[in-house]
Q: 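Please see the structure below; I have some questions.
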2 protein chains.
Amino acid sequence: MRAEALKGHLDGLLLAALEAGPLHGYAVKEALREITDGRIDLPTGTVYPALHRLERAGLISGSWSVVGGRRRRTYALTAAGRTALGGERDSWQEFASAVTAALRARSWPATS
Amino acid sequence: MRAEALKGHLDGLLLAALEAGPLHGYAVKEALREITDGRIDLPTGTVYPALHRLERAGLISGSWSVVGGRRRRTYALTAAGRTALGGERDSWQEFASAVTAALRARSWPATS
DNA sequence: CGTCCCTATATAGCAACGCTACCTATGGAG
DNA sequence: CTCCATAGGTAGCGTTGCTATATAGGGACG
């Protein structure tokens with residue numbers, strides 16, 4: 001998977017990962033990797049800043065806890081986040097169908 | 001369609017538009033708009049620099065002509081461009097299926 | 001005991017990308 | 001004569017995800 005392919009679609013994936021219930025950052029990364037059969041394996045330097053961004057935007061809310069001596073920041077979807085997730089799903093559908101149509105097109109308008 | 005959604009996928013669309021035959025820049029933009037029912041309507045400030053980039057990369061080759069008093073730069077796929085288009089199609093498939101799977105998932109691994 | 005790996009979080013700096021805003025220019029419609 | 005569609009172009013910007021690096025606890029292995 002090309003590195004920059006994700007641009008603009010990461011937020012939706014993170015929100016989706018939190019839809020079923022709160023997770024901490026590392027668990028989000030792992031969940032995403034598992035659900036996509038390893039196709040989306042985000043570096044931690046991508047996950048954490050993105051989660052911070054989503055929290056600043058009010059789409060998720062985080063809280064610290066300590067489990068087994070390790071500190072964790074667990075995130076949960078906010079109401080706004082749930083709404084945003086719906087929007088991400090819609091816009092992904094629209095985007096994906098458009099790109100698929102364009103890439104698949106055999107006959108293009110001969111506008112030249 | 002969110003503005004930044006295209007990031008990393010534009011090249012494939014432009015290459016695909018040229019697959020059926022050479023087009024000039026403005027025609028590429030129009031063809032893309034028509035084939036996607038207006039869902040992908042690129043600003044010219046996106047199209048032209050992208051075509052220059054593809055030309056520099058050797059994926060398309062351009063040539064000037066004059067039609068009706070207006071100068072045009074017509075682009076054609078190179079062999080490398082045709083190969084690249086195949087790669088773009090493959091990586092799009094992989095990417096799209098991964099994102100769709102993640103966004104659709106109802107039950108996420110409870111790795112927390 | 002030392003080393004390594006997995007878990008867990010974080011940040012600085014970078015490069016790429018597409019967009020906005022602007023500019024030039026021709027030809028046709030009103 | 002003005003406006004719009006066509007046709008091409010660039011400078012500068014903001015966002016975004018990645019790389020590289022740092023910290024730290026716990027467990028496995030020798």
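Heavy atoms only: backbone and side chains are in, while hydrogens, waters and symmetry mates are out. Numbered from 1 within each chain, the chains take letters A, B, ... in sequence-line order. Predicted model only: the values in this text are computed from it and were never measured.
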Q: Hey, could you give me the CG/CD1 distance between Leu32(A) and Ile40(A), rounded to the nearest 0.5 Å?
A: 5.0 Å

Q: Would you say Arg53(A) reaches dG17(D)'s phosphate, i.e. side-chain N/O to OP1/OP2 under 4.0 Å?
A: yes

Q: Count I, L, V, M, F, W, Y as connected when their side-chain heavy atoms are under 4.5 Å apart, and connections chain through other members. Are Leu10(A) and Tyr26(A) then in the same cluster?
A: no

Q: For DNA chain D, whose closest nucleotide is more 5', that of His9(A) or that of Thr74(B)?
A: Thr74(B)

Q: What is the distance from CD of Glu30(A) to P of dC6(C), rounded to the nearest Å?
A: 11 Å

Q: Could you check how far CG of Leu54(A) sits from C1' of dT15(D), rounded to whole Å?
A: 14 Å

Q: Rounded to whole angstrom units, what separation is found between the CG atom of Leu13(A) and the P atom of dT16(D)?
A: 14 Å

Q: Any chance you could measure Ile35(A), atom CD1, to Leu103(B), atom CG, to the nearest 0.5 Å?
A: 11.0 Å

Q: Roughly how far apart are Leu59(B) CG and Leu14(B) CG, rounded to 0.5 Å?
A: 10.5 Å

Q: How long is the span from the CD atom in Glu55(B) to the OG atom in Ser63(B), to the nearest 0.5 Å?
A: 9.0 Å

Q: Any side-chain to backbone donor/acceptor pair from Thr78(B) onto Ser61(B)? Under 3.5 Å, distance only.
A: no

Q: Without decimals, in angstroms, what is the distance between Arg72(A) CZ and dG26(D) C1'?
A: 12 Å

Q: Please pick, from dG25(D), dG18(C), dG17(D), the nucleotide with the shortest atom-to-atom distance to any side-chain atom of Asp11(B).
A: dG18(C)

Q: Whole angstrom is fine here: how far is it from NZ in Lys29(B) over to C1' in dG18(C)?
A: 14 Å

Q: Quick check on dG8(D): is either OP1 or OP2 less than 4.0 Å from any side-chain nitrogen or oxygen of Arg73(B)?
A: no

Q: Sort me out a list of protein N/O and nucleotides 11-14 of chain C N/O pairs below 3.5 Å, or just none if empty.
A:
unit_1  : atom_1 : unit_2   : atom_2 : d
dT11(C) : OP2    : His52(A) : ND1    : 3.4

Q: Taking atom CG of Leu18(A) and atom OG1 of Thr74(A), what is their separation to the nearest 0.5 Å?
A: 10.0 Å

Q: Side chain of Lys7(B): nearest nucleotide among dT20(C), dT15(D), dA5(D)?
A: dT15(D)

Q: Does any N or O donor sit under 3.5 Å from an N or O acceptor when you compare the side chain of Arg71(A) with the base of dT9(C)?
A: no

Q: Among the candidates dT26(C), dT19(D), dA8(C), find the nucleotide nearest to the side-chain atoms of Arg70(B).
A: dT26(C)

Q: Provide, to the nearest angstrom, the distance between the CH2 atom belonging to Trp64(B) and the P atom belonging to dA25(C).
A: 14 Å

Q: What is the distance, rounded to the nearest whole Å, between atom CG of Asp41(B) and atom P of dT20(C)?
A: 11 Å

Q: From dG17(D), dA7(D), dG8(D), pick the nucleotide closest to the side chain of Leu6(A)?
A: dG17(D)

Q: Rounded to the nearest angstrom, tell me the gap between atom NE2 in His24(A) and atom C1' in dA10(C).
A: 15 Å

